[in-house]
Amino acid sequence: MKLRVLYFARLREALGVAEENLELPAGIDTAGALVDWLRARGGVWAEQLGPEKAYRTAVNQDLAGPQTPLNDGDEVALFPPVTGG
Amino acid sequence: MKLRVLYFARLREALGVAEENLELPAGIDTAGALVDWLRARGGVWAEQLGPEKAYRTAVNQDLAGPQTPLNDGDEVALFPPVTGG
Amino acid sequence: MKIAVQTEPFDLAAEVAALYRANPKVGAVASFLGITRDENDGHAIQGMHLEHYPGMTERALKRIAEEAMTRWPLIDLTVIHRVGALKPTDPIVLVAVAAAHRGDAFAACQFIMDYLKTQAPFWKKEATAEGDRWVDARASDDAAAARWNVK
Amino acid sequence: MKIAVQTEPFDLAAEVAALYRANPKVGAVASFLGITRDENDGHAIQGMHLEHYPGMTERALKRIAEEAMTRWPLIDLTVIHRVGALKPTDPIVLVAVAAAHRGDAFAACQFIMDYLKTQAPFWKKEATAEGDRWVDARASDDAAAARWNVK
C-alpha cells in the first residue's frame, strides 16, 4: 500500500522531514499501525512518537484515531496538538 | 416631603404625564407607599398601577423595590419593564 | 471603560480597535451587536423609536460594566447604546470586551447584555402597518439575567 | 457562510456588516477576535509564525461551522484565520455569527472558537528573546471543547 505522509510543526522540525511517500508492508493498515511502524525506525522516530509524546493523526484531512483504517493512496498527517486561534 | 416623579414609555403615554412635582402627606415614605398613593387617584392610575400590571420603580436613578425609602427631594421614576438591547 | 448613549451610529471597527491596538496584553475581544430587525413576534416592523431615561441609562450601564470588571479579569470594555429613531438593519447596541483570554471576554460580554436587557432603562416602540406598539419585555430575558445571580 | 485562511489582515467592520446589512432578519451578531499578545506564559513575545495544514484547515473550519449551523438556528457566519507572520496586536482569527436572537449567536460563536482551538490544524511558533518556541496546547482548551460534547 502506498501512502503520502505529511509532518507538521514541532514534529516536522524534530523529524527533519515535511513529507514522504511510503510503500507499506502488508498488515500496516490502520493509523495506529503506521505510527508503530514509523516508531520502529528508532532514533528521533522512537523518541518523537513515544508513548509519552502527544501527537495527532489525520487521514485524508480528517482527524483520525489509532483504529482509523488506511487505504492505498491515502494522505496521512502526523502533527502535535493544535494551537491556533 | 417633596418629590419629583417621572413616567416613561407606555406608562407615560397611558397616564398622560411625563413628570410631576409632588408634595406627599406624612407616612408616604417608601416607593411602594408612593405607588399605592398614586393608585388611589383612581381612573387610569388605578388601572395602570393595578396589581396585574408589570411596572418598575427607580429612586434617584437606581432600580428600587416597594420597601425602598423615600427622602425629601428624591427623584422617583415609574416605568414598564425595560426592553433595550 | 467607555459607556455611551447616543442617537448617532457608532463605528464598530474603531471601537473594537480602541480596545486592543494600544494594549498588547489583550488576546481576545468578544463583541455583541444588537440590530433592528424587520419583524418581531410575527409583526412586520417598519422602524423603531428607542426611548430612555437620561441619566439613569448611563448610570445603569456603568454599574453593569463595573460589575463585569469585578467578576472577570478584563482589560477594557465598551458599551454603546443608541436611542431615537432606528430602522431595520440599524445597529442598536454594541458591547465589546477585551481580556487576555477568550473565556473571560465571552462570559463578560454575555453577562453585560443579559443585564442591560433587564436593568437598563430603554424602551422600544415599534412602527408597524397596524400602528405603533410598545415592545413587551420577554420572560426569556429575565431568565437569562437570573442565571448570573446578581444581588 | 464564509470560511477563509489567509495571510492578509481582514476588515472586521466589512465582515460583520456582510452578515447583517443584507438580511433584516438578523437581530444579533456575536463576534470574537483573537489577537497576538506580547507575552505568553511569562515569556515576552516579539512575534509569531502561524503554520497550518493547507486543505485540512479549510476542511476542519467548514466542518466546525456546519456543525454550529446544525446545532443553533443561525442565519449566517464567517470564520477567518490568518497564517504566516504576525506581531503583537495583530488579529489572528475572527469568528462572527449572525442569528435572530443573541443566545444562539453567543453559543455558536463560543462553540466554533472552542472547536477551532482543538480541531483545526494551526500551530503557533513564538519568537522570544531566548529564541523561537512552539506553543504548547492547553488543557483548558480541551476542557472548553469537551463541554460541547461533539462526537
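Residue numbering restarts at 1 for every chain, and letters A, B, ... go by the order of the sequence lines. Just the heavy atoms: all of them, side chains too, but no hydrogens, waters or symmetry mates, feed the values below. Computed from a predicted model, the values in this text were never measured in an experiment.
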(request) Please flag which part of B:A9 lies under 4.5 Å from any non-hydrogen atom of chain C: side chain, backbone, both or neither. (result)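 Answer is both: backbone and side chain atoms of B:A9 are under 4.5 Å from chain C.
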
(message) Quick check: closest heavy atoms across B:V82 and C:A137, and the distance to 0.1 Å?
(response)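 Looking at all heavy atoms of both residues, the shortest contact is O-CB, 4.0 Å.
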
(request) Can you tell which part of C:A120 gets under 4.5 Å to a heavy atom of chain B, answering side chain, backbone, both or neither? (result)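 Contact with chain B: backbone only.
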
(request) Identify, with sequence neighbours excluded, every residue that meets salt bridge (charged side-chain N to carboxylate O under 4.0 Å, His left out) alongside C:D104. (result)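 None.
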
Could you list each donor and acceptor atom pair linking chain C to chain B at less than 3.5 Å?
unit_1 : atom_1 : unit_2 : atom_2 : d
C:E51  : OE1    : B:R12  : NH2    : 2.2
C:E51  : OE2    : B:A9   : N      : 2.8
C:E51  : OE2    : B:R12  : NE     : 3.2
C:E51  : OE2    : B:R12  : NH2    : 3.2
C:Y53  : OH     : B:E75  : OE2    : 2.5
C:M56  : N      : B:Q61  : OE1    : 3.3
C:R59  : NE     : B:Q61  : O      : 3.4
C:R59  : NE     : B:D62  : OD1    : 3.1
C:R59  : NH2    : B:D62  : OD2    : 2.8
C:R63  : NH1    : B:D62  : OD1    : 2.8
C:H81  : NE2    : B:G85  : N      : 2.9
C:K117 : NZ     : B:G84  : O      : 3.3
C:K117 : NZ     : B:G85  : O      : 3.3
C:F122 : O      : B:T83  : N      : 2.8
C:F122 : O      : B:G84  : N      : 3.4
C:W123 : NE1    : B:P80  : O      : 2.9
C:K124 : N      : B:T83  : OG1    : 3.0
C:K125 : NZ     : B:E13  : OE1    : 3.2
C:K125 : NZ     : B:E13  : OE2    : 2.3
C:W134 : NE1    : B:E13  : OE1    : 2.9
C:D136 : OD1    : B:R10  : NH2    : 2.6

